[in-house]
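Order of the sequence lines sets the chain letters (A, B, ...), proteins ahead of strands, with each chain counted from 1. In this text, all values refer to a predicted model and were calculated from it rather than measured experimentally.
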Amino acid sequence: MQCDVCQNKDATVFLTQIVDGKMQKVNLCEGCSKEKGVNDPTGFALADLLLGLGASQQIEKSPTTLKCAVCGFTQADFKKTGRLGCSNCYTVFADGIASMLKNMHKGTQHTGKTPAAFHKVREHNEKIKALQENLSKAIDAEEFELAANLRDQIRKVEADLAS
Amino acid sequence: MKFSRIIANSGEWLSGDGPNRQIVVSSRVRLARNLRDKPFPGWAKKSERLDVMNLVKEAVEHLPEMVESYSENLEALSPLEKQVLVERHLISREHAAKGVGSAVVMNAPQSLSVMINEEDHLRMQAIRCGLQLDNVFKMINSVDSELECSLQFAYSAELGYLTACPSNVGTGMRASAMLHLPGLVMSDQINKIINSVNKIGLAVRGLHGEGTEAMGNLFQVSNQTTLGEAEEEIIGRLNRVIEQVIEHEQNARALLAQRKSITLHDQIGRAYGLLCHSYSISSKEALNLLSIIKLGIDLSVFPDAHRFPVDELFIETQPAHLQKGAQVAKMSSEERDALRATIIRAKLSQVPQPDIARLRLSIPVNTENQ
């Protein structure tokens, strides 16, 4: 069996760890296991190691021609480093990353801190969404006067956001 | 502020006081942040790294928290100086390997430090004594909110803060506590504890983080996941687990004192004897023996007045601190081991012999659930 890290030497160290009921396995050669500090099970989290491995296979699900327009990062680069190129890469490689994050974290939706600058954007987006729902209800009910009113409100909020 | 002045004093997390400090050495929270649409440090060209560094450094240096601070580019630090900062947990081992295009800014009490262009553009941490993750988070969170006014952080409504490694995405937060667990190690329960902590998605690591050995019975417990939970929830979960581990450690100590008192006395006595009379000692052996002395202080076998000097030895006997103190650029490991033994002997000569008759547990514990 080959080493999962260097893909070169024979694996002699076989690790299994169960996190949150999910089993993770990795096979390493002696050199790589030393380098990753595997010889000390107490100071070692398999998840850190798996990132660069399982992760790189996951992202392959997106088409191979993808390249980030901002930083020129490609999938091959991710496979090599296990790190992304810039914040825009998260949009470019979104499909591949999504399934990877699902395995890695507790959830897929951020529920923590929001930068103050985004509060306004989020509030506006929520407001527009609510107005649009009312608008389609009004149209369905053929209340065109109300619909026109709602349309104007949406425009106003959008203009507000753009300024 | 000069490097020599920064390291002349031990950090606040070592000298200060905090809840549960007999078992919880320190609490630390770090946040990873990046600038929007700028290549992450590992992917950026040198000129891009320099641009980001200058921008971020300027913003960080102007923080009210950093009025009295130490700020330096990494290429200006010698390998020895970098290692001193690693031993104090002010920068990571990864950051110490960086050169041109990376920098570090820290406040005078060494409770706040910002690594610029580590794996992410910013890695900021707050560290304090004892178990107080909530306070530590508040501290670093307000720094983050202030920086947000002058820097545009990469953030998405769905994925939160965007980081170089997908394992940090979301809150970008790693909260950890350093625990001193000699009781659980001596009673062979530590692996059981580590396994159960791992099972609930928290990581247990050695003294210097990822992939390092557990020395001096010191263990770091931290969150593994960063997405799908708010910062407060992660810290709450961590707090509950740490409180449990503390209870187990106290029970283990009580049990050792009751049922294996001779072993316990023997270990403390031997540790004291070895440290007082050795003329060459490795860093690992020193840490492991000092851990037993620290336990002895917790159990009142040594006077409490010696707590801080002993705690200080944990840092002072680390390789880079020894060498820095001796002001020698190069030192063989034999020379270091000899110097370490000399320093320890000098300090321990102030500590009276262990008074086993005084052995008592400072905190009443229940041993029923053992």
Side-chain angles (χ1 to χ4, degrees), chain A residues 17-22 35-52 55 58-59 68 70-73 77-78 81-91 93-94 97-98 100-102 104-118 121-122 125, chain B residues 31 34-40 42-44 119 141 144-145 148-149 152-167 169-173 190-191 194 198-201 203-214 219-220 224-234:
Chain A
Q17 203 172 49
I18 299 170
V19 176
D20 274 349
K22 251 177 275 168
E35 196 182 304
K36 304 281 178 189
V38 179
N39 45 4
D40 172 36
T42 55
F44 176 75
L46 195 56
D48 297 321
L49 180 56
L50 284 170
L51 279 184
Q58 295 268 6
I59 204 173
C68 174
V70 172
C71 72
F73 195 83
D77 296 315
F78 186 77
T81 62
R83 306 284 183 270
L84 289 158
C86 73
S87 52
N88 187 54
C89 290
Y90 277 93
T91 319
F93 304 105
I97 291 172
M100 186 167 91
L101 291 175
K102 210 154 83 190
M104 205 181 273
H105 291 287
K106 283 236 149 180
T108 53
Q109 172 63 50
H110 177 60
T111 56
K113 184 175 182 178
T114 304
F118 278 82
V121 177
R122 201 167 64 177
N125 285 343
Chain B
L31 300 176
N34 287 283
L35 303 188
R36 197 190 303 169
D37 290 344
K38 301 263 193 220
F40 296 138
W43 184 245
E119 185 183 289
N141 188 38
D144 176 56
S145 299
E148 191 180 283
C149 305
Q152 285 207 321
F153 290 146
Y155 178 87
S156 102
E158 191 195 348
L159 297 180
Y161 292 95
L162 303 174
T163 52
C165 184
S167 65
V169 92
T171 57
M173 181 182 81
I190 192 72
N191 286 329
I194 290 176
N198 276 339
K199 247 178 226 154
I200 44 180
V204 184
R205 300 189 165 110
L207 183 56
H208 283 285
E210 227 163 275
T212 60
E213 210 180 336
F219 299 86
Q220 267 188 71
Q224 291 246 48
T225 59
T226 51
L227 183 63
E229 264 179 310
E231 289 83 352
E232 291 78 6
E233 290 174 274
I234 296 176

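Heavy-atom distances place the side chain of Glu148(B), and not its backbone, under 4.5 Å from chain A. Heavy atoms closer than 4.5 Å to chain A are found in the side chain of Glu119(B), but not in its backbone. Interface residue Asp77(A): only side-chain heavy atoms are found under 4.5 Å from chain B.
Here the CD atom belonging to Glu158(B) is positioned 12.0 Å from the OH atom belonging to Tyr90(A), to the nearest 0.5 angstrom. In this structure, the separation between OG on Ser87(A) and OH on Tyr155(B) is 14.0 Å, given to the nearest 0.5 Å.
Note: Leu159(B) leads Leu159(B), Ile234(B), Thr171(B) in heavy-atom pairs under 4.5 Å with chain A. In terms of non-hydrogen atom pairs under 4.5 Å with chain B, the most contact-rich of Gly112(A), Cys71(A), Gly85(A) is Gly85(A).
Remark: Thr91(A) pairs with Asn88(A) by the side-chain contact (heavy atoms from CB on, under 4.5 Å) rule, at least two apart or across chains. In this view, Glu232(B) and Phe137(B), Ala230(B) satisfy the side-chain contact (heavy atoms from CB on, under 4.5 Å) rule, not counting sequence neighbours.
The one candidate from Leu31(B), Asp144(B), Asn34(B) that meets the side chain to side chain contact (heavy atoms under 4.5 Å, CB included) condition with Tyr161(B) is Asp144(B).
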